[in-house]
Amino acid sequence: MAKYDHRSIEQVWQERWEAEGLYRSEVDWSRPKHYALTMLPYPSGDLHIGHWYAMTPSDARARFMRMQGYNVLFPMGFDSFGLPAENAAIQRNIHPAIWTAGNIERMRTQMRTMGCMFDWEREVASSDPGYYRWTEWFFAEFARNGVAYRGEATVNWSETLQTVLANEQVIDGKDERTGQPVVQRRMEQWFFKITDYADELLDFGSIDWPESIKLMQRNWIGRSEGAHVDFAVPSGSTIRVFTTRPDTLWGATFMVLAPEHELVDELTSDEQRPAVEAYRAETAARTELERLEDEGKTGVFTGGYATNPVNGEQVPVWIADYVLMGYGTGAIMAVPAHDQRDFEFAHAHGLTIAPVITPEGAEPLDGGAMEAAYVGLGTMSASGPLDGVPTNLEKGRANPSVAAAIDWLVENDAGEEAVNYRLRDWLISRQRYWGSPIPAVYDEDGEIEILADDQLPVVLPDDVEFSSGRSPLTTHQPFLEAATRDNRPARRETDTMDTFMCSSWYQYGYLSPGFDGAPFDPEEAAYWLPVDQYTGGAEHAVMHLLYTRFFTKAMRDLGHFDTAAEAMRAHGRDPEGAFDEPMRALRSQGQILGEERPGDSVAIWGEPDGDGWIASRVVVVDGEGPADAALAGELRRRTERTMQVAGPDGPVRVEVAEDATVEIPSIPGENDVTQLKHHLEIQRMSKSKGNVVNPDVLVDQYGADTVRTHLMFGYDWEKGGPWDSQTITGSHRFIQDVWRLGMEAYEPGAKAGEGDRALRRAVHQTIAKVGHDFESFAFNTGLAALMTLRNEMLAARKSGSVTAEVWGEALESLLLMLAPVAPHMTEELWRRSHEGSIHAAAWPTFDEEAAAEDTIRLVVQVNGKVRDQIDVPADSNDADLEATALASPRVAEWTDGKTVRKVIVVPGRLVNVVAN
RNA sequence: GCCCCGGUAGCCCAAUUGGUAGAGGCAGCUGGCUUAAAACCGGCCAAGUAUGGGUUCGAGUCCCAUCCGGGGCACCA
């Protein structure tokens, strides 16, 4: 028998599939379609285990759907614009285009070893001018129709990256890529009006997405219901505020504006001006992070007053940085009695606290005596016409006091009902080179002109220098020099687009790369859209996944799917709802974390140094160290020459002297301190932590089929978990077992036929189980079922208890079910006895009769405790089961002297006799 | 601080609508093969489900509280 040699098998089949065009997907209206999509990678240059974990199970799912009879599209491409290419250009003096092309080439080669059914003829790379031509075109379309606009706003500026960032790219006041603080700046930039779609984006009714991701998007959009209220100021202007609690307006005793608010100048008295100016200057100089880290509530009085519209009272206007210019109107009414932040501010600055909600069944609150804001149930009080209206904890109009207050505001012309969102418009400008150019020019008066379609694409110039740190586009004369439509001189826009723009429409790019008249061929779109199953990482929950939904909705509203809808109708398919959402179903894989590793056991000799030691000699030992050592134990951590060694009474700090000797018996030659292995915790893989698992090494050792199998078997896919280098052997044994089952001829024994029924039952139960599990992304349990079948078959072969026919059915079914997971090995075995590819074959047919059990094991309980187990015919009815149970001598034993009160029968499973 | 998800053999991980806690894998033990080891083949072992209460004939599953781990949001008016 030929030994299982994954190296030759896998390479041979990858080449043959390619040559046969097995994974070309073409429109075929006679068959149902399935568009399976997995997130495209950034071409960083090396495929890591995370890519395998994301892509190969997605591939198995796509293959499974193909075996279910679907015409499957499963494309792949590269999200190839972005900062790392530019950093490489600066650090290594390589042009981003060359660096990127090299990485794509390398990753494509690595990706082929995964054995995925990617249709490479449909590959796109977002940095390819043939692709970004359409990214620009979408921008132009959006700009012409008011979806894109240029506006001034307070934006996040990263000094490190020399660019602005979208709100979504800033976490805790720090840029999410580098962790460096960002500062707030007023700048004129390009935005997309994603806020126009806020309400529609909150509607997940038509899509099957994970709850957690829907929740993250809901939180991000942050819809809150309330009212806009206008406070008049002496100059005649009004300060508009947004509040979710208009019912507490009568308790608004002061106002707070964001320091950047436009009315601050007007309101500030001469007396207060120096303090206000100083505070504003101080705020502007601080980063978002520093503002957040502030413990207390700082702020200064402007000297100005505004009129509370509900009672005509003059309330002082303050500025404070706890009010953000970027949320609501940048101004709040402060109700210290019922809002904790306002309460703290009032306390810090000696402002009036006026309670206007009285807790249920209690005396009215005393503002001077309160220790915290009251935010509970109660009734309105000291609120003029609304006294006595109850308040609950519901949001918006669902709260009677809020509803009454809104009605009052409307009737008295003091405000209006309003909805506010946390979501801001999507800032897409980036002051970088390696991105899609923005097709706009500015004439000599600074007027914007969007380029006509025949001017596209604006191509990035190749001859650029990256020395200054600024985008080379800003100093590239030939690029800068442009003209308006009527041929007046103009300056070209030098900002490029956020790379999330490129990935917002790539699912349409795959439909027809190279198509000329439009971003995609409507005939392809009519058949393939929408994406039926999307897979990818949850880290994109509020960026890519929100942007692409917005993008599709905006495209729909601008009519970019109209031709496709027409084509759909022509083929008899109803386009209703087909273009409201880009991805009908989404599943998110978890993350593979680094493997836990014990550190070396070390013995050290040296001089005491405070609580620790200065080591002159460090030796790696087995178990306990020599008795004369100063200290011995596991190396828990090490940074440079400072080690933390687990001593008998806890961690001990050890400095390794410059001239210390380090001896590591397993590493010959001279050793140094950096070769000592320290304990690794379970955490994300990263090069700096040294816990990266290289898939190429695993593929070389075990083969892609084993790696694929193991990634699907070893984890709950949507959860992920730490890598474990031991357990992959189990998956490898499984693959080898199946290989042997397929290669070794089956010899029926003397008792052939006796085991037929049992093996067929196992086979068909497995078909049902695996089909269900693969459908629902439960690859781990599906594979466990296949391993069980393997065990049954090994036993059957050993005993020779089944006929050759039944054996053949079992083997064929096993190969078919394993084909999506281990495509190479199953193909090799399949083609030994079949014409054509196993990957074009159908999923085995489930035979319910064959799967049925003859007998069931009836569990008999007395008062909920198992007292007997009886095998009964599977077709027994409830009365039979009850009679069987009551006839059991064990039951009689346990009910002796008691009266049977009740008998509970669970059909086909259990009888519980209740007696006392 | 608020919101989600999770906690089951030594480890990873299963357990239809509440119905015998165990499918699968790893490790371990043991026998075979081998000069020996690895590999391979056969067999065996395993927890009462984080903790405390409740509902129920019956709870890993439902409810309440607490602890631990992971994730998201966070001066959001």
Side-chain angles (χ1 to χ4, degrees), chain A residues 171-172 210-220 222-224 226 241-245 248 255-256 258 291-292 294-295 297 320-324 326-335 339-342 344-345 420-423 538-539 541-542 590-591 593 596 682 709-710 713-716 718-734 736-737 740 766 769 772-773 778 780-791 794-795 798 857-869 901-916:
Chain A
I171 294 167
D172 291 337
E211 283 305 320
S212 59
I213 290 191
K214 291 193 282 190
L215 189 70
M216 280 190 251
Q217 294 205 347
R218 275 192 206 104
N219 288 343
W220 189 262
R223 179 189 157 100
S224 47
V241 300
F242 172 76
T243 176
T244 54
R245 295 297 304 274
T248 61
M255 298 187 79
V256 187
R291 287 172 68 163
L292 285 171
D294 246 355
E295 290 289 316
K297 294 254 178 299
D321 64 8
Y322 82 92
V323 174
L324 309 174
Y327 184 79
T329 60
I332 63 161
M333 62 175 213
V335 184
D339 180 285
Q340 188 57 29
R341 290 155 303 171
D342 298 346
E344 286 164 22
F345 192 80
N420 191 59
Y421 300 92
R422 188 181 168 280
L423 180 71
E539 65 273 22
V542 292
Q591 213 170 30
L593 303 169
E596 186 163 21
I682 293 170
T709 302
H710 184 59
F713 171 67
Y715 303 86
D716 172 344
E718 300 192 58
K719 214 164 109 192
W723 178 255
D724 179 346
S725 51
Q726 302 280 303
T727 52
I728 192 169
T729 55
S731 301
H732 195 225
R733 280 179 204 147
F734 172 59
Q736 288 176 303
D737 283 346
R740 273 194 298 271
T766 307
K769 168 77 176 155
H772 172 268
D773 286 352
N780 52 343
T781 51
L783 274 160
L786 289 173
M787 288 181 182
T788 309
L789 181 60
R790 174 257 328 242
N791 294 343
L794 285 171
K798 200 178 163 199
R857 172 147 296 187
L858 180 70
V859 173
V860 183
Q861 296 182 335
V862 176
N863 291 333
K865 292 200 164 55
V866 179
R867 298 304 183 191
D868 203 358
Q869 300 187 9
R901 301 290 175 190
K902 206 162 145 190
V903 178
I904 291 148
V905 179
V906 180
R909 280 180 173 274
L910 167 146
V911 174
N912 185 14
V913 179
V914 184
N916 61 13

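Below, chains carry the letters A, B, ... as their sequence lines are ordered, and counting in each starts from 1.
Under 4.0 Å is where a charged nitrogen must lie from a carboxylate oxygen, and between Glu344(A) and Arg341(A) no such pair does.
With hydrogens and angles ignored, no donor-acceptor pair closer than 3.5 Å exists between the side chain of Lys719(A) and the base of C5(B). With hydrogens and angles ignored, a donor-acceptor pair under 3.5 angstrom links the side chain of Asn912(A) to the base of C57(B).
Taking atom CD of residue Gln217(A) and atom C1' of nucleotide C4(B), one finds them 15 Å apart after rounding to whole Å. Nucleotide C73(B) holds its P atom 12 Å from the CD1 atom of Ile213(A), rounded to whole Å. Here G22(B) presents its C1' atom at 12 Å from NZ of Lys769(A), a figure rounded to the nearest Å. Per the geometry, CG belonging to Asn863(A) stands 8 Å off P belonging to G58(B), to the nearest Å. With rounding to whole Å, Met333(A) atom CE is found 12 Å from A77(B) atom P. The nearest whole Å value for the distance from the CG atom in Asp339(A) to the P atom in C2(B) is 16 Å. Computed from coordinates, the Tyr421(A) OH to C73(B) P distance equals 20 Å when rounded to whole Å. One interatomic measurement links the two molecules: CD1 of Ile904(A) to P of C57(B), which rounds to 7 Å at whole-angstrom precision.
Within the 4.0 angstrom heavy-atom criterion, only backbone atoms of the sugar-phosphate kind lie near Ser224(A); the bases stay farther away. Contacts of Gln861(A) with the nucleic acid, taken as non-hydrogen atoms under 4.0 Å apart, include base atoms. Thr244(A) comes within contact range of the sugar-phosphate backbone alone, with a heavy-atom separation under 4.0 Å but no base atom that close. Contacts of Lys865(A) with the nucleic acid, taken as non-hydrogen atoms under 4.0 Å apart, are absent. Asp716(A) comes within 4.0 angstrom of sugar-phosphate atoms only, judged by non-hydrogen atoms across all strands, and of no base. When heavy atoms are screened at a 4.0 angstrom cut-off, Asp737(A) is found touching the sugar-phosphate backbone but no base atom. When heavy atoms are screened at a 4.0 angstrom cut-off, Gly222(A) is found touching no nucleic acid atom at all.
Look at Arg740(A) and you'll find a side-chain N or O under 4.0 angstrom from OP1 or OP2 of C41(B). For G72(B), neither phosphate oxygen OP1 nor OP2 lies less than 4.0 angstrom from any side-chain nitrogen or oxygen of Arg218(A). Between A14(B) and Asn780(A), a contact under 4.0 Å exists linking OP1 or OP2 to a side-chain N or O.
Taking the nucleotide of RNA chain B with the nearest heavy atom to each of Met216(A) and Gly721(A), the more 5' of the two is matched to Gly721(A).
Using a 4.5 Å heavy-atom cutoff, the side chains of Ile332(A) and Thr243(A) are not in contact. A 4.5 Å side-chain heavy-atom check between Tyr715(A) and Trp723(A) finds at least one atom pair inside the cut-off. Residues Val241(A) and Met255(A) meet the side-chain proximity criterion, which asks for heavy atoms closer than 4.5 Å. With a 4.5 Å cut-off on side-chain heavy atoms, Asp737(A) and Met787(A) do not count as touching. Thr781(A) is listed as a side-chain neighbour of Lys769(A), based on a closest heavy-atom distance under 4.5 Å.
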Strictly under 4.0 angstrom, non-hydrogen atoms only: write out the protein contact profile of nucleotides 24-31 of chain B, one letter per nucleotide from the 5' end, B, S or -. BSSS----
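Across C75(B), U16(B), A77(B), the shortest atom-to-atom separation from the side chain of Tyr327(A) is found for A77(B). Taking every side-chain heavy atom of Arg909(A) into account, U16(B) is the closest of C75(B), U16(B), C57(B). The listed nucleotides are G6(B), U20(B), A77(B); the one nearest the side chain of Phe242(A) is A77(B). Closest contact between the side chain of Thr781(A) and the listed nucleotides A14(B), G19(B), A77(B) involves A14(B). Residue Lys902(A) places its side chain closer to C57(B) than to any other of G19(B), A77(B), C57(B).
Taking atom C1' on both nucleotides, A15(B) is separated from A59(B) by 13 Å, rounded to a whole Å. For the C1' atoms, the distance from A47(B) to U17(B) is 27 Å, rounded to whole Å. Nucleotides A39(B) and C26(B) are separated by 11 Å at their P atoms, to the nearest Å. The gap from the C1' atom of C45(B) to that of U35(B) amounts to 31 Å, rounded to the nearest Å. With P as the reference atom, G31(B) and G25(B) are 22 Å apart, rounded to whole Å. Spacing of C1' atoms, G32(B) relative to G48(B), comes out at 36 Å, to the nearest Å.
Pairing for A50(B) goes to U66(B), judged as Watson-Crick or G-U wobble with the two contacts each under 3.5 Å. A 3.5 Å limit on both hydrogen-bonding distances identifies no Watson-Crick or G-U partner for U61(B).
Stacking of Lys297(A) on the aromatic ring of Phe345(A) is not recorded, the 6.0 Å distance cut-off and the 45° axial limit not both being met.
Side-chain atoms of Asp342(A) come within 3.5 Å of backbone N or O of Val335(A) as a donor-acceptor pair. The closest donor-acceptor contact from the side chain of Asp716(A) to the backbone of Ala778(A) lies at 3.5 Å or more, if one exists at all.
Look at G58(B): its glycosidic torsion is beyond 90° from 0, and that puts it in the anti range.
Judged as a side-chain contact (heavy atoms from CB on, under 4.5 Å), and not counting sequence neighbours, the contacts of Thr727(A) are His710(A), Asp724(A).
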